[in-house]
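Convention: sequence-line order gives letters A, B, ...; per-chain numbering from 1.
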There are 2 protein chains.
Amino acid sequence: MVHLFHEMTLMLWLNPMEPLTTAQQELYDWLIDYIRANQHSPSIRQMMRAMNLRSPAPIQSRLEHLKNKGYIEWSEGKARTIRVRDDVRGVPILGTIAAGFVNEAFTDAVERLDLNGLPIQSGDYALKVTGDSMVEAMIQDGDVVIMRPVKDPQGIREGTIVAARVESGTTLKSFHRQGNQVQLKPANPNYPVMEFPADLVDVQGRLVAVWRGIDPDFTV
Amino acid sequence: MVHLFHEMTLMLWLNPMEPLTTAQQELYDWLIDYIRANQHSPSIRQMMRAMNLRSPAPIQSRLEHLKNKGYIEWSEGKARTIRVRDDVRGVPILGTIAAGFVNEAFTDAVERLDLNGLPIQSGDYALKVTGDSMVEAMIQDGDVVIMRPVKDPQGIREGTIVAARVESGTTLKSFHRQGNQVQLKPANPNYPVMEFPADLVDVQGRLVAVWRGIDPDFTV
DNA sequence: AAAAAAGGCTGCCCTAGGGCAGCCTTTTTT
DNA sequence: AAAAAAGGCTGCCCTAGGGCAGCCTTTTTT
């Protein structure tokens with residue numbers, strides 16, 4: 001059983017794109033980091049130095065491969081115009097999961113919500129929520145939940161909302177311990193609390209954020 | 001009264017940074033659009049052409065001004081390295097406002113949530129929610145709501161969630177009409193429905209998205 | 001083990017593109 | 001109205017940085 005779960009977690013990270021060689025992957029990872037940090041592409045010479053090469057040619061061929069495999073693109077002949085493919089940015093949605101008054105007036109921006117990156121880490125993934133079992137936790141059908149892989153399942157706090165895989169499927173629930181058992185509690189009285197031996201519960205991630213786009217056609 | 005409201009809406013868009021001259025603003029706007037569309041900075045020559053100039057010098061001086069006023073920055077001497085200041089990206093947070101099971105396993109990404117831009121338009125702004133008057137609409141204290149300015153208040157659908165300013169302050173409520181009156185309905189039975197003459201209600205935006213970052217210390 | 005692909009290097013070409021002096025014109029401030 | 005700032009232009013310099021031929025070495029596939 002446990003083996004099955006491990007296969008699952010691996011599947012989660014399967015890359016749907018053509019695989020990269022070690023050198024290509026190394027360049028790609030460095031490139032992603034550089035672009036994220038600097039907001040612009042490095043030059044081929046910079047990549048050459050970063051990869052400890054003494055000539056730009058290898059970088060050019062690796063870039064060519066990355067381009068052919070669909071990872072990046074650039075404007076021919078123009079400096080620093082490499083961009084990562086659109087759908088690689090952002091968080092991958094891996095599937096679906098069951099689940100007064102102020103008197104101050106608006107003035108200037110007091111802080112900013114940086115949707116370009118702030119609370120999301122590399123490795124995070126998203127799930128689209130189906131069902132209403134978490135409505136009392138303010139998560140409803142159609143929401144997108146951003147999950148973070150859990151390295152140490154022992155360290156999960158009581159009540160953390162997690163995506164947990166048990167034999168019947170994967171579900172978004174509140175995580176609780178009861179001796180050797182794990183309880184997965186819905187946030188909706190119409191659903192039962194589920195209880196499993198701890199080793200049959202594979203926690204695939206914990207909730208770090210919720211995104212809800214409002215469809216204007218559904219605002220009654 | 002109505003005049004006051006108009007002053008408010010203007011205040012909303014006050015730019016806290018040093019103002020730009022027309023030429024600088026024009027370049028800045030073009031630059032923002034270009035970077036958003038292409039994922040990389042244009043070259044000075046490109047800007048020269050876009051601004052219908054015959055020499056790069058004016059662009060250089062405008063960029064210098066934009067830099068001194070804190071709008072942009074770049075790496076000296078490196079091509080296409082202009083970046084917009086960090087806190088200008090993303091959505092400005094303008095203040096605070098009262099307010100089952102699947103058997104499919106996760107596999108590959110079915111689609112992607114592009115946090116870099118997808119559902120947000122230029123002009124949108126964010127408000128941090130305080131209070132629990134919208135809990136039944138799944139919006140809770142601490143959430144960040146992304147709002148879109150409403151061009152035509154007549155066109156607001158019944159039940160749309162809006163940020164509305166009335167004489168007592170600004171509030172996040174569900175918008176309803178009752179003859180010449182406007183009803184602002186909370187999504188919480190503990191709060192009263194409010195009713196005002198339509199011309200005393202200034203709708204400052206409608207809800208387009210909700211973002212909730214989960215503080216790991218509060219996951220009980 | 002053999003063949004193919006990828007990686008690496010030297011060395012060179014050449015242009016995209018940043019920078020700036022000097023001077024004039026237009027716009028904005030005072 | 002005068003002064004200051006911003007905008008514009010010509011014209012030039014020069015290097016950051018893309019591109020590639022040719023050949024060898026290492027890794028990956030078959």
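A donor-acceptor pair under 3.5 Å is absent between the side-chain atoms of B:D143 and the main chain of B:I139, judged by distance alone. A donor-acceptor pair under 3.5 Å links the side-chain atoms of A:R177 to the main chain of A:I156, judged by distance alone. Between the A:S55 side chain and the A:A57 main chain, a donor and an acceptor come within less than 3.5 Å of each other.
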Next on the checklist: Just to be sure I follow the notation: if a pair is Watson-Crick (purine N1 to pyrimidine N3 plus N6-O4 or O6-N4) or a G-U wobble (N1-O2 and O6-N3), each under 3.5 Å, what dot-bracket string does DNA chain C give, with | for pairs to another strand?
Outcome noted: ||||||||||||||||||||||||||||||
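Qualifying salt bridge (Lys or Arg N to Asp or Glu O under 4.0 Å) partners for B:E76, counting only residues two or more places apart in sequence or in other chains: B:K67. Remark: A:R80 engages no residue in a salt bridge (Lys or Arg N to Asp or Glu O under 4.0 Å) (not counting sequence neighbours). The side chain to side chain contact (heavy atoms under 4.5 Å, CB included) check on B:I59 picks up B:L27, B:I44, B:M47, B:M48, B:M51, B:L53, B:L63, with sequence neighbours excluded. The salt bridge (Lys or Arg N to Asp or Glu O under 4.0 Å) search around B:R45 returns none, not counting sequence neighbours.
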Next on the checklist: Output one letter per nucleotide in nucleotides 18-30 of chain D: B when a protein non-hydrogen atom lies under 4.0 Å from the base, S when only the sugar-phosphate is that close, - when neither is.
Outcome noted: BBB-------S--
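Remark: B:T160 OG1 to B:R206 CZ distance equals 7.5 Å, nearest 0.5 Å.
Ring-centre distance between A:H65 and A:Y71: not below the 6.0 Å cut-off.
Note: CE (B:M48) to C1' (D:dG7) measures 15 Å, nearest angstrom. Rounded to whole Å, atom C1' of C:dC9 lies 13 Å from atom CD1 of A:I59. Regarding B:L20, its CG atom lies at a distance of 15 Å from the C1' atom of D:dA5, rounded to whole Å. One interatomic measurement links the two molecules: CG of A:L53 to C1' of C:dA6, which rounds to 13 Å at whole-angstrom precision. Whole-Å rounding puts the B:Q25 CD to D:dA6 P distance at 15 Å. To the nearest angstrom, C1' of D:dG7 lies 15 Å from CD of B:E64. When the C1' atom of D:dC9 is taken as reference, atom CE of B:M51 falls 17 Å away, rounded to whole Å. As rounded to whole Å, 8 Å separates atom C1' of D:dC9 from atom CZ of B:R54.
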